[in-house]
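Note that the coordinates shown come from a computational prediction; the quantities given were computed from them, not determined experimentally. No hydrogens, no waters, no symmetry mates; every other heavy atom, side chains included, goes into these values.
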Amino acid sequence: MTTEKAAMRDLLREARAREVAMVRSLGRFVRCESPSYDKAAVDRFGALVAREWRRRGAEVKVLRQRLRGDHLRVEMAAGTGRGVVKDHGRGFGRRERRGADHGGGQILVLGHLDTVYPVGAIAKMPFRVACGKAWGPGTFDMKGGLVLALAAVDSLRAAGVRTQKRVVFLWTSDEEIGSETSRRAIESEARRSDAVLVLEPSLGREGRLKTQRKGVGGAEVIVTGRAAHAGIEPEKGVNAVHELALQIARLMKMNDRARGITVQATVVEGGTTTNVVPERARAAVDIRFSKVADVARIERGLRGLRPILGARVEVLVGGLRPPLERTAGVRGLFRVAQGLMGELGLSLGEAATGGGSDGNFTGALGVPTLDGLGAVGDRAHSSREHVVVRELAVRAALLAGLLGSL
């Protein structure tokens with residue numbers, strides 16, 4: 001038996017021994033609700049998570065925020081003991097930085113404390129374990145991932161496997177609402193890191209990792225026309241709703257499936273009452289794209305909208321979350337993970353997804369980033385959200401193996 005195989009089997013054995021404890025911790029985490037916009041609630045949950053890490057001897061720094069929940073920076077020094085692999089590269093490790101600082105010796109693990117569920121959701125969808133699954137708000141996205149991180153560190157220590165580098169876990173409070181307050185900290189830590197591991201949920205029943213994510217952005221199209229009586233003198237008005245409909249038709253022409261660009265008007269408002277030519281209308285627009293190179297093209301298309309019926313058309317373009325592109329560094333990092341699973345006789349697949357995560361920011365800096373390392377489950381952001389209990393130990397062992405390999 002190879003050293004690598006023995007180490008991975010030991011890690012899986014230790015993780016399986018902690019399965020009951022993982023489910024118990026997940027229940028405590030889920031019952032401590034943490035909606036993004038409720039600072040007090042997120043901070044209560046953050047304090048609970050911080051206690052767990054301090055119990056393990058980690059250095060925990062609270063990054064205070066005024067309006068949003070506080071972020072947590074958790075640092076674990078490189079350990080002592082045996083390594084998982086002799087060849088730490090396996091095709092991974094060449095930096096792809098674009099103007100970033102060289103900061104060797106650190107692995108960054110990303111996750112978030114916040115969920116999409118309001119306080120009180122736990123009463124309607126209580127945490128429970130049934131049919132081999134753990135159900136409840138935030139189990140899959142992504143309190144299951146936070147539990148896996150704790151189990152991975154416990155398994156490394158119990159198996160006597162050392163981490164090759166310093167590991168920084170950054171738990172943020174606002175990923176579900178755009179990461180406005182956490183992006184700077186994420187990018188700062190990424191610039192000091194050799195790789196980034198993201199504990200967002202895996203994809204599908206097979207638990208595929210995410211090696212490519214679309215960039216995400218938003219825009220608002222605001223149309224101002226002129227009101228008039230709809231029945232007596234409609235010709236004196238300029239119909240803002242009609243103008244907006246024509247502008248949306250223009251937006252639809254920006255969709256390019258081959259290039260991975262989608263532009264969709266998702267929320268539309270306009271008019272006041274049935275007998276008035278509407279003076280105002282607006283549309284919120286969801287934008288997705290696969291390559292950074294397409295950002296300028298999309299912005300030109302949005303800002304190039306011009307009135308057709310004579311109304312005033314204003315376009316507000318929000319901040320764009322860059323895509324996670326499947327670079328050579330990402331592919332190499334995936335091969336490391338795939339090899340570790342192979343030592344356990346298990347397969348591991350990869351996939352692309354249209355949703356964004358904080359891994360998009362780190363990938364855009366050129367830091368090899370592997371996403372979807374969290375729990376296996378389904379139905380995120382719904383009343384049927386759950387994780388598969390039997391897969392928790394496997395995912396914890398995979399994360400532990402990566403921390404012991406890179």
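- Here the CG atom belonging to Leu148 is positioned 11.0 Å from the CD atom belonging to Glu391, to the nearest 0.5 angstrom.
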Side chain to side chain contact (heavy atoms under 4.5 Å, CB included) assessment of Leu402 paired with Leu373: CA-CA 10 Å; Leu402 286 167; Leu373 283 162; 3.8 Å; yes
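- At least one donor-acceptor pair under 3.5 Å links the side chain of Tyr117 to the backbone N or O of Ser382.
- In this structure the side chain of Arg312 never reaches within 4.5 angstrom of the side chain of Val223, judged on heavy atoms.
- A donor-acceptor distance shorter than 3.5 angstrom exists from the side chain of Gln164 to the backbone of Gly404, with no hydrogens or angles considered.
- In this structure, a donor-acceptor pair under 3.5 Å is absent between the side chains of Glu14 and Ser155.
- The list of ring-ring contact (aromatic ring centres under 6.0 Å, His included) pairs with a residue in residues 375-406, not counting sequence neighbours, reads Trp135-His386.
- Nearest heavy atom pair, residue Gly69 against residue Val42, reads CA-CG1, 3.9 Å.
- Pairs of residues two or more places apart, or lying in two chains, that qualify as side-chain hydrogen bond (donor to acceptor under 3.5 Å, both in side chains) and include a residue from residues 47-61 are Arg28-Glu52, Glu52-Arg55, Glu52-Arg56, Arg56-Asp154.
- In this structure, Gly271 and Pro278 approach most closely via the heavy-atom pair CA-CB, 3.5 Å.
- In this structure, the side chain of Ser193 does not engage the main chain of Ile107 through any donor-acceptor pair within 3.5 Å.
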Apply side chain to side chain donor-acceptor pair (under 3.5 Å) to Asp358 and Ser179, showing your working. CA-CA 7 Å; Asp358 288 336; Ser179 308; 2.5 Å; yes
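- For the 3.5 Å distance criterion, the side chains of Asn255 and Thr262 fail to qualify, holding no donor opposite an acceptor.
- Atoms CZ and CD1, on Phe127 and Ile122 in that order, are 8.5 Å from each other to the nearest 0.5 Å.
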Tell me, with the steps shown, if Arg282 and Glu269 meet salt bridge (charged side-chain N to carboxylate O under 4.0 Å, His left out). CA-CA 5 Å; Arg282 61 174 291 276; Glu269 299 173 349; 3.3 Å; yes
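- Lys291 and Asp294 are not joined by a salt bridge, as no carboxylate oxygen comes within less than 4.0 angstrom of a charged side-chain nitrogen.
- Judged by distance alone, with hydrogens and angles left aside, the side-chain atoms of Glu314 form no donor-acceptor pair with the main-chain N or O of Val221 at under 3.5 Å.
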Criterion side chain to side chain contact (heavy atoms under 4.5 Å, CB included) on Asp371 and Leu209, from CA distance to verdict: CA-CA 6 Å; Asp371 205 335; Leu209 304 189; over 6 Å; no
Walk me through it: do Val317 and Ile287 pass the test side chain to side chain contact (heavy atoms under 4.5 Å, CB included)? CA-CA 10 Å; Val317 181; Ile287 303 162; 5.5 Å; no
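- Checking side-chain atoms of Arg331 against main-chain N and O of Arg326 turns up a donor-acceptor pair under 3.5 Å.
- What you find for Ala15 and Ala397 is that their closest heavy atoms are CB-N, 4.3 Å.
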With salt bridge (charged side-chain N to carboxylate O under 4.0 Å, His left out) as the criterion, how do Glu75 and Arg73 come out once you've worked through the C-alpha distance, each side chain's angles and the decisive distance to 0.1 Å? CA-CA 7 Å; Glu75 182 175 325; Arg73 183 188 186 275; 2.8 Å; yes
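- Among the candidates His112, Arg213, Lys210, Glu175, the single residue satisfying the side-chain hydrogen bond (donor to acceptor under 3.5 Å, both in side chains) test with Ser357 is Arg213.
- No donor-acceptor pair under 3.5 Å is formed between the side chain of Asn239 and the backbone N or O of Val277.
- One distance of note links CD of Glu385 with OG1 of Thr139; it measures 4.0 Å at 0.5 Å rounding.
- Put simply, the side chain of Leu302 reaches to within 4.5 Å of the side chain of Met254, judged on heavy atoms.
- Applying the side-chain hydrogen bond (donor to acceptor under 3.5 Å, both in side chains) test to residues at least two apart or on different chains, none of the pairs has a partner in residues 120-130.
- Counted within 6.0 Å of CD on Glu180, heavy atoms from surrounding residues, nucleotides or ligands total 12 or fewer; the atom is thus considered open.
- Within the structure, ring-ring contact (aromatic ring centres under 6.0 Å, His included) pairs that include any residue of residues 355-378 do not occur (at least two apart or interchain).
- Side chains of His71 and Thr172: no donor on one and acceptor on the other come within 3.5 Å.
- Across all non-hydrogen atoms, the minimal contact from Ala351 to Arg208 is CB-NH1, 4.0 Å.
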Step by step, would you call Glu343 with Arg9 a salt bridge (charged side-chain N to carboxylate O under 4.0 Å, His left out)? CA-CA 8 Å; Glu343 300 291 2; Arg9 288 190 175 182; over 6 Å; no
Chi angles and distances behind the side chain to side chain contact (heavy atoms under 4.5 Å, CB included) call for Lys39, Arg68: CA-CA 5 Å; Lys39 175 175 170 57; Arg68 300 288 176 242; over 6 Å; no
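- For the side chain to side chain contact (heavy atoms under 4.5 Å, CB included) test, residues two or more places apart in sequence or in another chain that qualify with Ala265 are Ile248.
- A donor-acceptor pair shorter than 3.5 Å can be found between the side chains of Arg166 and Gln106.
- Distance check: Leu150 CG to Arg18 CZ gives 11.5 Å after rounding to the nearest 0.5 Å.
- Annotation: side chain of Leu392 is in contact with side chain of Val23 (closest heavy-atom distance under 4.5 Å).
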Carefully, step by step, assess Asp256 and Arg297 under the rule salt bridge (charged side-chain N to carboxylate O under 4.0 Å, His left out). CA-CA 12 Å; Asp256 189 334; Arg297 174 185 178 184; 3.5 Å; yes
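- When all heavy atoms of Gly138 and Thr115 are compared, the closest pair comes out as CA-CG2, 4.2 Å.
- Looking only at distances, a side-chain donor or acceptor of Glu243 sits under 3.5 Å from a matching main-chain atom of Ile308.
- Take Phe29 and apply the ring pair (Phe, Tyr, Trp, His ring centres under 6.0 Å) test, not counting sequence neighbours, and it matches Phe45.
- Side-chain contact annotation: Ser182 with Asp174, donor-acceptor N/O pair under 3.5 Å present.
- For the residue pair Phe289 and Pro323, the shortest heavy atom distance occurs at CE1-CD, 3.5 Å.
- Of the possible polar contacts, one joining the Asp114 side chain to the Glu176 backbone as a donor-acceptor pair under 3.5 Å is found.
- A 4.5 Å side-chain heavy-atom check between Val60 and Phe169 finds every atom pair outside the cut-off.
- Rounding to the nearest 0.5 Å gives a distance of 11.5 Å between CG of Leu199 and CG of Asp141.
- Atom-to-atom distance recorded for Leu333:CG and Leu370:CG is 4.5 Å, nearest 0.5 angstrom.
- Using a distance-only test at 3.5 Å, with no hydrogens or angles considered, no donor-acceptor pair links the side chain of Glu350 to the main chain of Gln338.
- Under the 3.5 Å distance criterion, the side-chain polar atoms of Asp70 are matched with a main-chain donor or acceptor of Gln65.
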